Structure formats: structure tokens, C-alpha cells
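For reference, the structure is listed below as C-alpha cells.
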Amino acid sequence: QVQLVESGGGLVQAGGSLRLSCAASGRTFSMYPMGWFRQAPGKEREFVAAISWSAGSISYADSVKGRFTISRDNAKNTVYLQMNSLKPEDTAVYYCAVDARYKYGSPTTYLPAYDYWGQGTQVTVSS
């Protein structure tokens, strides 16, 4: 049974930092792109960042470029999201996901491409 478990969310003041982790189990995803998405109350889920299997290709939403960094540790089957200079508008539930369509595929911002999802972790940024 495949599971993606996010952790590291919480309450932080504007300007602060958090590091999210997403550990996968039940299957090895080292050869597949992984991504982070977020969903704020009353809004649709949106792309945040994605990373190729080798970390050679990375993509960010414009709203987080220069502040967030995605990385992965294939030996641990884990993807991370380092979030710096957090803003109140970053408040959302953050989800990690795996695009398991093609081995060695490029990361995509296209939400329906992702097959496996975590349960989400809440990030709240106070002003």
C-alpha cells in the first residue's frame, strides 16, 4: 500500500521559515518526478514546486520563486520543501504528490498528472 506522509507544517510568523518533508512508503519513487501543491480555504489546489528524479530539473510557481526550495533524498524516498520568507498568503494545506506515469519523466505543474497524494499538512503564517 502506497503512502505519502507529510510533516513539518505549523504556525509561523511572517518572515519565518518552515521545512516540510514527505516520506513515501510501499513503493520506491526514486525514478519519478515529485511535487508539492497547496490549497487555501475556498481556493483550488495549486502547484507550488516539482522536481525530477535526479533533481536535475526543478520548477516553481512564480509566487514562491526565490523563497521556496524543493529537494529530494532518493535513498530515503523523501521529498522536502524549504520555505523561507513566509507570507500570510502562503497559508494553506500543503500536499506532496508523485507523478508515476513515466520513469525519469520531467516534472510537471499539471495537477491531474500526479497519481499519488499525501494527506496534507497545514501551514499557517500570521501577520
Side-chain angles (χ1 to χ4, degrees):
Q1 181 182 356
V2 173
Q3 275 193 315
L4 300 177
V5 179
E6 300 98 337
S7 61
L11 173 63
V12 64
Q13 288 188 330
S17 299
L18 285 173
R19 188 191 193 210
L20 306 184
S21 300
C22 171
S25 62
R27 180 176 169 180
T28 298
F29 291 115
S30 60
M31 295 171 287
Y32 298 97
M34 299 182 74
W36 286 96
F37 292 78
R38 67 186 182 187
Q39 188 167 16
K43 295 187 177 181
E44 293 187 351
R45 194 169 298 188
E46 65 176 7
F47 169 77
V48 175
I51 186 169
S52 64
W53 71 278
S54 65
S57 180
I58 289 175
S59 179
Y60 294 102
D62 287 343
S63 58
V64 307
K65 276 182 183 176
R67 300 188 298 122
F68 290 11
T69 303
I70 189 171
S71 60
R72 65 190 295 165
D73 185 335
N74 287 336
K76 296 181 179 180
N77 221 18
T78 299
V79 65
Y80 305 96
L81 186 69
Q82 176 66 45
M83 305 186 297
N84 299 329
S85 302
L86 282 161
K87 304 175 181 179
E89 51 263 43
D90 294 318
T91 295
V93 177
Y94 283 71
Y95 299 89
C96 68
V98 179
D99 174 4
R101 295 174 300 162
Y102 309 108
K103 287 184 181 179
Y104 313 120
S106 297
T108 177
T109 64
Y110 187 53
L111 189 152
Y114 289 82
D115 309 271
Y116 300 98
W117 292 83
Q119 83 290 348
T121 186
Q122 177 70 47
V123 171
T124 303
V125 184
S126 63
S127 57

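Everything numeric in this text was worked out from a predicted model, so none of it was measured.
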**Asked** Is the backbone N or O of Asn74 less than 3.5 Å from a side-chain atom of Ser30, with the two atoms forming a donor-acceptor pair by type?
**Response** no

**Request:** Without swapping roles, check the side chain of Glu6 against the backbone of Leu20 for a donor-acceptor pair under 3.5 Å.
**Result:** no

**Complete:** So CZ of Phe68 and OH of Tyr94: to nearest 0.5 Å the spacing works out to 4.0 Å

**Request:** Please round to the nearest 0.5 Å and tell me the distance separating atom CG of Leu4 and atom OG1 of Thr78.
**Result:** 10.0 Å

**Message:** Using modelled atom types and a 3.5 Å cut-off, is there a donor and acceptor pairing between side-chain atoms of Tyr114 and backbone atoms of Pro33?
**Reply:** no

**Asked** Is any side-chain heavy atom of Asn84 less than 4.5 Å from a side-chain heavy atom of Ser17?
**Response** yes

**Prompt:** Salt-bridged, Asp62 to Lys65, with N to O below 4.0 Å?
**Reply:** yes

**Prompt:** At their closest point, which heavy atom of Ala50 faces which heavy atom of Pro107, and how far apart are they?
**Reply:** CB-CB, 3.6 Å

**Request:** Side-chain contact test, heavy atoms from C-beta onward, threshold under 4.5 Å: evaluate it for Arg38 versus Thr91 and give yes or no.
**Result:** no

**Prompt:** For Ser52 and Gly105, which heavy atoms make the closest approach, and how far apart are they?
**Reply:** CB-O, 4.1 Å

**Message:** Any heavy-atom pair between the side chains of Tyr80 and Asp73 that's under 4.5 Å?
**Reply:** yes

**Asked** In Å and rounded to the nearest 0.5 Å, what is the OG1 to CG distance from Thr121 to Leu18?
**Response** 8.5 Å

**Message:** Considering only residues two or more places apart or on different chains, which pairs with a residue in residues 96-109 satisfy side-chain hydrogen bond (donor to acceptor under 3.5 Å, both in side chains)?
**Reply:** Asp99-Arg101

**Asked** Honestly curious: do Trp117 and Met34 fall in one hydrophobic cluster under the side-chain, below-4.5 Å linking rule?
**Response** no

**Tyr95 reachable from Ile70 in the ILVMFWY side-chain graph, under 4.5 Å edges** = no

**Prompt:** Between Arg27 and Val2, is there a donor-acceptor pair closer than 3.5 Å when you use the side chain of the first and the backbone of the second?
**Reply:** no

**Item:** Flag, side chain of Gln119 to backbone of Val5, donor-acceptor distance under 3.5 Å
**Value:** no

**Asked** Should Val93 and Phe37 count as side-chain neighbours, where that means a heavy-atom distance under 4.5 Å?
**Response** no

**Message:** So, taking the atom named CH2 in Trp36 and the one named OH in Tyr60, what distance separates them when rounded to the nearest 0.5 Å?
**Reply:** 12.5 Å

**Asked** Is any side-chain heavy atom of Met83 closer than 4.5 Å to a side-chain heavy atom of Val123?
**Response** yes

**Message:** When you compare the side chain of Phe29 with that of Asp115, does any pair of heavy atoms fall below 4.5 Å?
**Reply:** no

**Check: Leu111 and Phe47 side chains under 4.5 Å, non-hydrogen atoms** = no

**Prompt:** Minimum heavy-atom separation for Ser71 to Ile51, with atom names?
**Reply:** CA-CD1, 3.7 Å

**Request:** Drop me the distance from Ser127's OG to Lys87's NZ, to the nearest 0.5 angstrom.
**Result:** 14.0 Å

**Separation between OG of Ser54 and CE of Met31, rounded to the nearest 0.5 Å** = 13.0 Å

